[in-house]
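What's counted below: heavy atoms across the whole structure, side chains too, no hydrogens, waters or symmetry copies.
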Amino acid sequence: SPKKADPGLADDTDLEHLTIKGYGINLEKTKVHRNTSTPKLYEMALKFEKGTTISSSGALMVYSGERTGRSPKDKRIVKEASSEKDIWWGPINSPLSEKSFLINRERAIDFLNTRDRLYVVDAFAGWHKDFRLKVRVITSRAYHALFMSNMLVLPTKEELENFGTPEFTIYNSGEFPANRYTEGMTSDCSVAISFERKEMVILGSQYAGEMKKGIFSVMHYYMPKRGCLSLHSSCNVGNKGDVTVFFGLSGTGKTTLSTDPHR
């Protein structure tokens with residue numbers, strides 16, 4: 001795989017340039033850290049997030065609350081005119097009303113505005129410049145920012161300066177529960193995507209993998225529309241230029257096999 005470019009670390013950047021005011025965040029009460037370096041995210045997670053420590057191998061160990069895995073039954077997509085005919089509705093893609101999405105969105109932003117500090121990650125989903133998606137993550141946990149800084153492709157300093165308006169935004173308020181009485185909720189967890197608003201809202205789950213799988217779903221929606229076949233797979237290249245593609249369910253070894261040092 002291609003080498004990552006040097007990330008454009010712009011912590012405590014010019015907030016007018018960031019234009020985060022348009023996202024409902026009260027900058028008078030909340031300090032925003034944007035594209036923060038890995039060492040500083042480690043430091044803030046250790047200082048502010050209960051249960052965080054460093055393993056013997058140097059990895060950050062965190063506490064994700066009650067949920068230590070994804071909650072697929074709590075994931076929903078807003079059913080609206082612009083995307084309704086392009087989604088295979090069923091037990092995997094469950095519909096949600098726009099009203100319920102907006103209630104959850106408002107709840108998520110209200111929670112974020114109670115935090116002393118927030119973390120923003122502006123990065124790309126995908127390597128190829130013709131197909132990649134500009135993604136903005138707004139979250140209350142340093143561990144979430146660290147995770148998505150690793151999952152997404154960080155921009156160069158120049159790319160960050162010219163990042164502009166993101167093409168998809170994640171509001172991660174996983175520390176705060178959804179209201180069970182909101183129409184369409186089956187628990188205090190909600191992971192909701194609106195293709196019309198180009199947003200994802202997370203409530204009631206601090207498991208970082210919800211963001212990864214959420215963007216995974218988003219890319220599977222957008223890529224075919226751009227003439228690109230999206231696959232749940234990995235690949236590597238041999239010494240003779242031969243390519244192997246690995247298919248399989250989550251956790252079956254696609255990434256492990258694709259990183260074979262002999263290929």
Side-chain angles (χ1 to χ4, degrees), residues 15 18-36 41 44-45 48-52 62-78 96-123 135-149 151-152 166 168-195 197-215 217-218:
L15 295 179
L18 180 57
T19 65
I20 198 171
K21 288 183 179 180
Y23 294 80
I25 305 302
N26 188 339
L27 297 175
E28 294 181 0
K29 298 181 178 179
T30 303
K31 185 175 180 63
V32 176
H33 302 271
R34 183 196 189 201
N35 285 41
T36 307
L41 287 173
M44 288 190 285
F48 299 116
E49 298 177 10
K50 183 179 179 181
T52 303
V62 301
Y63 178 66
S64 65
E66 177 185 351
R67 290 175 171 81
T68 56
R70 291 194 306 115
S71 299
K73 292 183 179 180
D74 295 311
K75 184 177 178 180
R76 294 173 180 82
I77 300 172
V78 175
L96 182 71
S97 71
E98 183 178 10
K99 180 179 179 180
S100 291
F101 179 85
L102 291 175
I103 290 171
N104 285 351
R105 182 183 187 273
E106 188 79 1
R107 190 174 176 89
I109 292 174
D110 285 347
F111 171 77
L112 292 173
N113 278 323
T114 67
R115 304 296 89 187
D116 292 330
R117 65 197 65 80
L118 294 176
Y119 307 90
V120 170
V121 178
D122 282 343
V135 176
R136 171 165 293 166
V137 180
I138 305 175
T139 181
S140 58
R141 293 198 61 177
Y143 127 68
H144 287 156
L146 179 65
F147 179 88
M148 290 306 281
S149 294
M151 287 291 105
L152 299 174
F168 213 88
T169 301
I170 299 175
Y171 293 95
N172 191 333
S173 295
E175 292 181 273
F176 195 63
N179 187 329
R180 293 173 181 267
Y181 292 98
T182 300
E183 182 181 1
M185 300 298 102
T186 51
S187 75
D188 62 358
C189 172
S190 174
V191 180
I193 293 173
S194 170
F195 287 110
R197 298 185 63 89
K198 298 179 174 56
E199 294 176 344
M200 177 165 61
V201 174
I202 300 174
L203 291 166
S205 175
Q206 298 176 61
Y207 179 67
E210 295 288 8
M211 293 181 288
K212 171 191 172 184
K213 281 294 186 180
I215 291 300
S217 297
V218 167

| field | Closest contact, heavy atoms only, A45 versus A142 | value | N-CB, 3.8 Å
| query | NZ of K99 to CD1 of I103: how many Å apart, nearest 0.5 Å? | reply | 5.5 Å
| said: How about NZ on K212, more than 12 heavy atoms from neighbouring residues, nucleotides or ligands closer than 6.0 Å, or not? | reply: no
| Given side chains that start at C-beta, do those of I25 and N113 come closer than 4.5 Å, heavy atoms only? | yes
| task | Measure the shortest side-chain to side-chain distance between I202 and M211 over non-hydrogen atoms and say whether it is less than 4.5 angstrom. | result | yes
| Smallest separation among heavy atoms of E210 and G69, with atom names | OE2-O, 4.5 Å
| task | Search all heavy atoms of A208 against all heavy atoms of H144 and return the closest pair with its distance. | result | CB-CD2, 3.9 Å
| message | Nearest 0.5 angstrom please: M151 CE to L146 CG, how far? | response | 10.0 Å
| task | Side-chain contact test, heavy atoms from C-beta onward, threshold under 4.5 Å: evaluate it for S71 versus Y207 and give yes or no. | result | no
| message | For D188, give me all partners under salt bridge (Lys or Arg N to Asp or Glu O under 4.0 Å), at least two apart in sequence or on another chain. | response | R67
| said: Working note: R115 + S173, criterion side chain to side chain donor-acceptor pair (under 3.5 Å); need CA distance, chi angles, decisive distance, verdict. | reply: CA-CA 10 Å; R115 304 296 89 187; S173 295; over 6 Å; no
| request: For the residue pair R107 and L203, establish whether any side-chain heavy-atom pair is separated by less than 4.5 Å. | output: yes
| task | Quick one: pull up OG in S205 and CZ in R70 and give me the separation to the nearest 0.5 Å. | result | 10.0 Å
| task | Look up atom CZ in R136 and atom CG in N35, then write down how far apart they are to the nearest 0.5 Å. | result | 9.0 Å
| Side-chain touch V191/D74, heavy atoms, less than 4.5 angstrom | no
| query | Can you check whether T36's main-chain N or O pairs, donor with acceptor, with Y119's side chain at less than 3.5 Å? | reply | no
| note | When rounded to the nearest 0.5 Å, the distance separating CD1 of I170 from CE of M200 is 3.5 Å
Enumerate, atom names and distances included, each donor-acceptor pair closer than 3.5 Å involving a side-chain atom of residues 174-185, sequence neighbours excluded.
from	atom 1	to	atom 2	distance (Å)
E175	OE1	S140	OG	2.5
N179	OD1	Y181	N	2.8
T182	OG1	N179	O	3.3

| task | Answer yes or no: is there a side-chain heavy-atom contact under 4.5 Å between I193 and V218? | result | yes
| Which atoms form the tightest heavy-atom contact between T139 and L112, and what is the distance? | C-CD2, 4.3 Å
| request: Check T169 against I138 and note the closest heavy-atom contact, atom names and distance. | output: CG2-CD1, 4.3 Å
| field | Evaluation steps, side-chain contact (heavy atoms from CB on, under 4.5 Å), between E106 and L102 | value | CA-CA 6 Å; E106 188 79 1; L102 291 175; over 6 Å; no
| request: Provide the closest heavy-atom pair for K75 versus S217 in the form atom of the first, atom of the second, distance. | output: NZ-OG, 2.7 Å
| field | Residues forming a side chain to side chain contact (heavy atoms under 4.5 Å, CB included) with S194, sequence neighbours excluded | value | V78, F101, E196, R197
| field | pair E199-Y171: side-chain heavy atoms closer than 4.5 Å | value | yes
